[in-house]
Amino acid sequence: KSSWEYNVSDRDRPLKLRGINDAHLLSGHLRNELPTPDAVFSSPANRALHTCMIFMRNLDLDLGKLLITEELYDFGGTSVLSFVECLDDALETVVLFGHNHAFTSLVNLLGDAYIDNVATSAVVGVRFDISTWKDINRQKGNTFMNIAPKAFK
């Protein structure tokens, strides 16, 4: 959840206290559930990057694995999909932090389960049986996780 109470640009909007608490809650519960990523990518927007940092710290992820990328500051999904298709094939497990509606569109395009809306601070996991990221859009992946903070409240 981001705050609209400040007169700042969209990129600079901060998280509300609820958003901070939800990110801590969910990342704490998922500490032993998520595979260790080879890389973590975040939108440069304050709220996405703040959420990313909370997850990385609570999951004890190496901050050296983080790359902030403009392509994830996307609300439709086209830029995010192009970004994923160009990932280094040496990366097997990646985590992305970004924005809706892009992420809801992306998981519905790529995953085998329909998700009406990826909730704020939710974690959606999709596994793919591909040898190159360029092929990510050629077959549906297995959606193995869709967990929002409300599941733990």
Side-chain angles (χ1 to χ4, degrees), residues 1-81 83-84 87 91-129 133 136-137 140-153:
K1 292 292 179 189
S2 61
S3 175
W4 290 90
E5 65 184 86
Y6 301 98
N7 187 21
V8 296
S9 72
D10 181 71
R11 285 178 182 261
D12 294 330
R13 273 191 299 120
L15 288 174
K16 284 183 165 182
L17 181 58
R18 177 181 163 199
I20 294 168
N21 290 338
D22 283 354
H24 279 289
L25 177 68
L26 190 55
S27 60
H29 279 284
L30 296 177
R31 186 172 175 83
N32 298 316
E33 302 296 319
L34 299 175
T36 301
D38 298 313
V40 177
F41 301 96
S42 178
S43 159
N46 184 22
R47 60 197 181 275
L49 190 54
H50 191 177
T51 302
C52 174
M53 295 306 297
I54 291 169
F55 271 78
M56 289 192 75
R57 289 184 184 206
N58 287 341
L59 299 173
D60 290 326
L61 298 178
D62 178 1
L63 295 179
K65 292 183 176 186
L66 173 61
L67 179 66
I68 300 165
T69 179
E70 277 301 315
E71 290 91 342
L72 297 183
Y73 186 68
D74 174 25
F75 301 92
T78 305
S79 181
V80 176
L81 179 59
F83 173 77
V84 173
L87 286 172
L91 302 173
E92 289 200 21
T93 302
V94 297
V95 175
L96 308 175
F97 289 85
H99 310 277
N100 256 335
H101 299 287
F103 278 56
T104 296
S105 296
L106 194 67
V107 298
N108 285 322
L109 173 69
L110 301 176
D112 62 358
Y114 177 78
I115 298 173
D116 186 50
N117 179 52
V118 174
T120 305
S121 288
V123 173
V124 177
V126 183
R127 285 191 182 100
F128 301 93
D129 185 18
W133 288 104
I136 197 163
N137 196 15
K140 292 283 188 178
N142 171 251
T143 305
F144 68 92
M145 180 181 293
N146 178 18
I147 301 175
K150 70 178 180 180
F152 301 106
K153 290 182 177 180

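Starting from 1, each residue takes its place in the sequence as its number.
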inquiry  = Just so I know, are the side chains of F55 and V123 near enough to count as touching, which here means a heavy-atom distance under 4.5 Å?
reply    = yes
request  = Give a yes or no on whether the ring-centroid distance for F75 and H101 is below 6.0 angstrom.
outcome  = no
remark   = L110 and I136 have their tightest heavy-atom pair at CD2-O, 3.5 Å
query = Can you tell if the side chain of L17 reaches within under 4.5 Å of the side chain of N21, non-hydrogen atoms only?
reply = yes
query = Got H50 and I20 here, is their nearest side-chain heavy-atom distance under 4.5 Å?
reply = yes
ask   = Do side-chain atoms of K140 reach the backbone of N108 as a donor and acceptor pair under 3.5 angstrom?
value = yes
message = Determine whether a donor-acceptor pair (N or O, by modelled atom type, separation under 3.5 Å) exists between the side chain of S42 and the backbone of I68.
response = no
inquiry  = If only side-chain N and O atoms count, and only distance matters, is there a donor-acceptor pair under 3.5 Å linking N58 with H24?
reply    = yes
query = Do D12 side-chain atoms and V8 backbone N/O form a donor-acceptor pair below 3.5 Å?
reply = no
key: 4.5 Å side-chain heavy-atom contact, V126 and L106   = no
Qualifying side-chain hydrogen bond (donor to acceptor under 3.5 Å, both in side chains) pairs, either residue in residues 63-72, two or more places apart = R11-E70, T69-E71
Donor-acceptor pairs under 3.5 Å, side chain of residues 144-153 to any protein atom, not counting sequence neighbours: which ones?
from: K153; atom 1: NZ; to: D22; atom 2: OD1; distance (Å): 2.8

query = Any sub-3.5 Å donor-acceptor pair from D38's side-chain atoms to E92's backbone N or O?
reply = yes
task = Answer yes or no: is there a side-chain heavy-atom contact under 4.5 Å between V94 and W133?
result = yes
ask   = V84 versus N137: any side-chain heavy-atom pair under 4.5 Å?
value = no
ask   = Roughly how far, to the nearest 0.5 Å, is CG of D74 from OG of S105?
value = 9.0 Å
ask   = Got a donor-acceptor contact below 3.5 angstrom from the N100 side chain to the N117 backbone?
value = no
request  = Please tell me if the side chains of L66 and L49 come closer than 4.5 Å, counting only heavy atoms from C-beta onward.
outcome  = yes
message = Salt bridge or not between D10 and R47? Use side-chain N to carboxylate O under 4.0 Å.
response = yes
task = Would you check, one step at a time, whether the test side-chain contact (heavy atoms from CB on, under 4.5 Å) holds for L59 with L34?
result = CA-CA 9 Å; L59 299 173; L34 299 175; 3.9 Å; yes
ask   = By salt bridge (Lys or Arg N to Asp or Glu O under 4.0 Å), which residues pair with D60, not counting sequence neighbours?
value = R31
Side chains of T143 and Y114 in contact at under 4.5 Å (non-hydrogen atoms) = no
